[in-house]
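The first residue in the sequence is number 1, and the count goes up from there.
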Amino acid sequence: MKKGNHKFFISILVAIVLLVSAVFTFSSKNLWQKFMRSTDATASAVGDIIESEAAKQPLGVHFIDVGQGDSTLIRFENYNILIDCAKKAEAQNVYYYLEQLNIDHLDLAIATHPDADHIGGFAELINNAKPDLFLLPQLPTSIKKTQTEMTLINTLKTMKVKTEYAVNAKEYRFGDLLLTTYLTAQEHSDKNDYSVITHIRYKNATYLFMGDAGKTVEKELMKDKAPIQADVLKAGHHGSSKSSAANFVKYVHPRYCIFSCGLNNDYGHPHNEVLEIMKKQIIEYYRTDENGTVVIGTDGSKYIIATEKAAA
């Protein structure tokens, strides 16, 4: 190799090394952008949603469209709380959503229960948006841990995230927002029934998030006279008829209901029986399979609702 060519080759090599080095020294926010390359439809939806009046309210609850799974973002003033993080294959929608809102830190993250469609995306998220506190349900040893659950637990340990098991009727305050967790005190064979149930209150506005808890747990809550009445109900188990019994829905007494479910999903969620309950009780409902991402914002009194798209 001629001397001139050798110098040119060295210069090119140095440039490549510097470029690669720059890529690997990005901030955590930029580091996870490679996981956020989403479709044009998703980008457009996020842009519309975050600019909506609903999202600009003091409290904005974002029911993110993640297909057949769950992920809900609670934004209150400078606080960010995430309940569930979809399955791994759909979690890019959550990462993209948070990135567009310039969220690279969570005050609280809650895994309602260890199903992959609720916790699959948490491991990658924790590596890039470390929460101050992570809440988990405590399941009996008789229910075997899945690989997805073990990956999450190991990531929490590696990243030294403060982690707690959820406690029934425990309160957490974020400024003027009160968040309370509820969970079963009974033994169950179905891990869905160990879901961490979350209730939030801001002034006169209330929301209830049921995870995948079933009718047995709903009966427990009513028997214990749990103060879980809410204007907005995130329906249990994606609108399955295994949840949302008519008397329970009446007990909660919501004005609005959200179903997080995938388009043409194999389970038929939300089930017709549950939709009929909502209609009979005159509850306005939204479905992520038809409406896409839904935001219900409030100033503590009135509610403003924005959806990615109008239902067909």
Output side-chain donor-acceptor pairs under 3.5 Å for residues 156-163, partner residues at least two apart or in another chain, one line each.
residue, atom, partner, partner atom, Å
Thr158, OG1, Asn154, O, 2.8
Thr163, OG1, Val161, O, 2.9

Closest contact, heavy atoms only, [X] versus [Y]:
| X | Y | result |
| --- | --- | --- |
| His113 | Ser195 | ND1-OG, 3.4 Å |
| Gln100 | Ile50 | O-CD1, 3.9 Å |
| Pro137 | Ala111 | CD-O, 3.1 Å |
| Tyr95 | Gly121 | OH-O, 2.7 Å |
| Asp289 | His269 | OD2-O, 4.4 Å |
| Cys85 | Ser71 | CA-OG, 3.7 Å |

Determine whether [X] and [Y] make a side-chain contact, defined as any pair of heavy atoms from C-beta on separated by less than 4.5 Å.
| X | Y | value |
| --- | --- | --- |
| Leu233 | Ile283 | no |
| Asp70 | Thr112 | no |
| Arg75 | Ile103 | yes |
| Arg287 | Pro270 | yes |
| Gln229 | His199 | no |
| Leu73 | Leu98 | yes |
| Glu218 | Glu220 | no |
| Thr72 | Thr198 | no |

Which donor-acceptor pairs under 3.5 Å do the side chains of residues 202-209 make with protein atoms, sequence neighbours left out?
residue, atom, partner, partner atom, Å
Thr206, OG1, Asp231, N, 3.0
Tyr207, OH, Ile296, O, 2.9

- Message: Looking at Asp107 and Asn80, would you say the former's side chain and the latter's main chain have a donor-acceptor pair under 3.5 Å?
- Response: yes
- Are the side chain of Thr298 and the backbone of Lys302 linked by a donor-acceptor contact shorter than 3.5 Å? yes
- Enumerate the residue pairs fulfilling ring-ring contact (aromatic ring centres under 6.0 Å, His included) with a member in residues 143-183, sequence neighbours excluded, ordered by first and then second residue. Tyr79-Phe174
Let me confirm one number: the [atom1]-[atom2] distance from [X] to [Y], rounded to the nearest 0.5 Å.
| X | Y | atom1 | atom2 | answer |
| --- | --- | --- | --- | --- |
| Tyr285 | Lys279 | OH | NZ | 4.0 Å |
| Lys56 | Asp299 | NZ | CG | 15.0 Å |
| Ile110 | Leu179 | CD1 | CG | 5.0 Å |
| Phe63 | Ile258 | CZ | CD1 | 5.0 Å |
| Asn192 | Asp115 | CG | CG | 5.0 Å |
| Glu290 | Leu263 | CD | CG | 8.0 Å |

- Take Leu59 and Ile74 through the side chain to side chain contact (heavy atoms under 4.5 Å, CB included) test and state the conclusion after the steps. CA-CA 7 Å; Leu59 171 60; Ile74 299 168; 3.8 Å; yes
Does [X] belong to the same Ile/Leu/Val/Met/Phe/Trp/Tyr cluster as [Y], with side-chain heavy atoms less than 4.5 Å apart forming each link?
| X | Y | value |
| --- | --- | --- |
| Leu275 | Tyr256 | no |
| Ile126 | Leu106 | yes |
| Ile119 | Phe134 | yes |
| Ile200 | Leu82 | no |
| Tyr194 | Leu183 | no |

- Task: I would like to know whether Cys257 and Glu284 meet side chain to side chain contact (heavy atoms under 4.5 Å, CB included); could you show each step before the answer?
- Result: CA-CA 6 Å; Cys257 181; Glu284 188 175 330; over 6 Å; no
- Ion pair present between Glu164 and Lys170, side-chain N to carboxylate O less than 4.0 angstrom? yes
- Task: For atom NZ of Lys215, decide whether the heavy atoms of other residues, nucleotides or ligands shown that lie under 6.0 angstrom number more than 12.
- Result: yes
- Task: Return yes when atom NZ of Lys88 has more than 12 non-hydrogen atoms of other residues, nucleotides or ligands closer than 6.0 Å, and no otherwise.
- Result: no
- Task: Quick one: which residue pairs count as a side-chain hydrogen bond (donor to acceptor under 3.5 Å, both in side chains) with a foot in residues 131-146, not counting sequence neighbours?
- Result: His105-Asp132
Which atom pairs, donor and acceptor, lie under 3.5 Å between side-chain atoms of residues 243-252 and protein residues at least two apart or in another chain?
residue, atom, partner, partner atom, Å
Ser243, OG, Ala213, O, 2.7
Tyr251, OH, Ala226, N, 3.2
Tyr251, OH, Ala226, O, 2.7

[Y] versus [X], side-chain donor and acceptor atoms under 3.5 Å:
| X | Y | result |
| --- | --- | --- |
| Thr184 | Asp193 | no |
| Asp190 | His188 | no |
| Asp117 | His238 | yes |
| His62 | Tyr97 | yes |

- Item | Identified side chain to side chain contact (heavy atoms under 4.5 Å, CB included) partner of Tyr286 from the options Val232, Asn291, Thr293 | Asn291
- Would you please name every residue forming a salt bridge (Lys or Arg N to Asp or Glu O under 4.0 Å) with Asp224, sequence neighbours left out? none
- Task: Kindly indicate, with the supporting measurements, whether the criterion side chain to side chain contact (heavy atoms under 4.5 Å, CB included) is fulfilled by Asp176 and Phe76.
- Result: CA-CA 9 Å; Asp176 292 330; Phe76 176 68; 4.1 Å; yes
- Query: Would Met210 and Leu221 satisfy side chain to side chain contact (heavy atoms under 4.5 Å, CB included), going step by step from the backbone distance to the final call?
  - Reply: CA-CA 11 Å; Met210 289 299 296; Leu221 292 167; 4.1 Å; yes
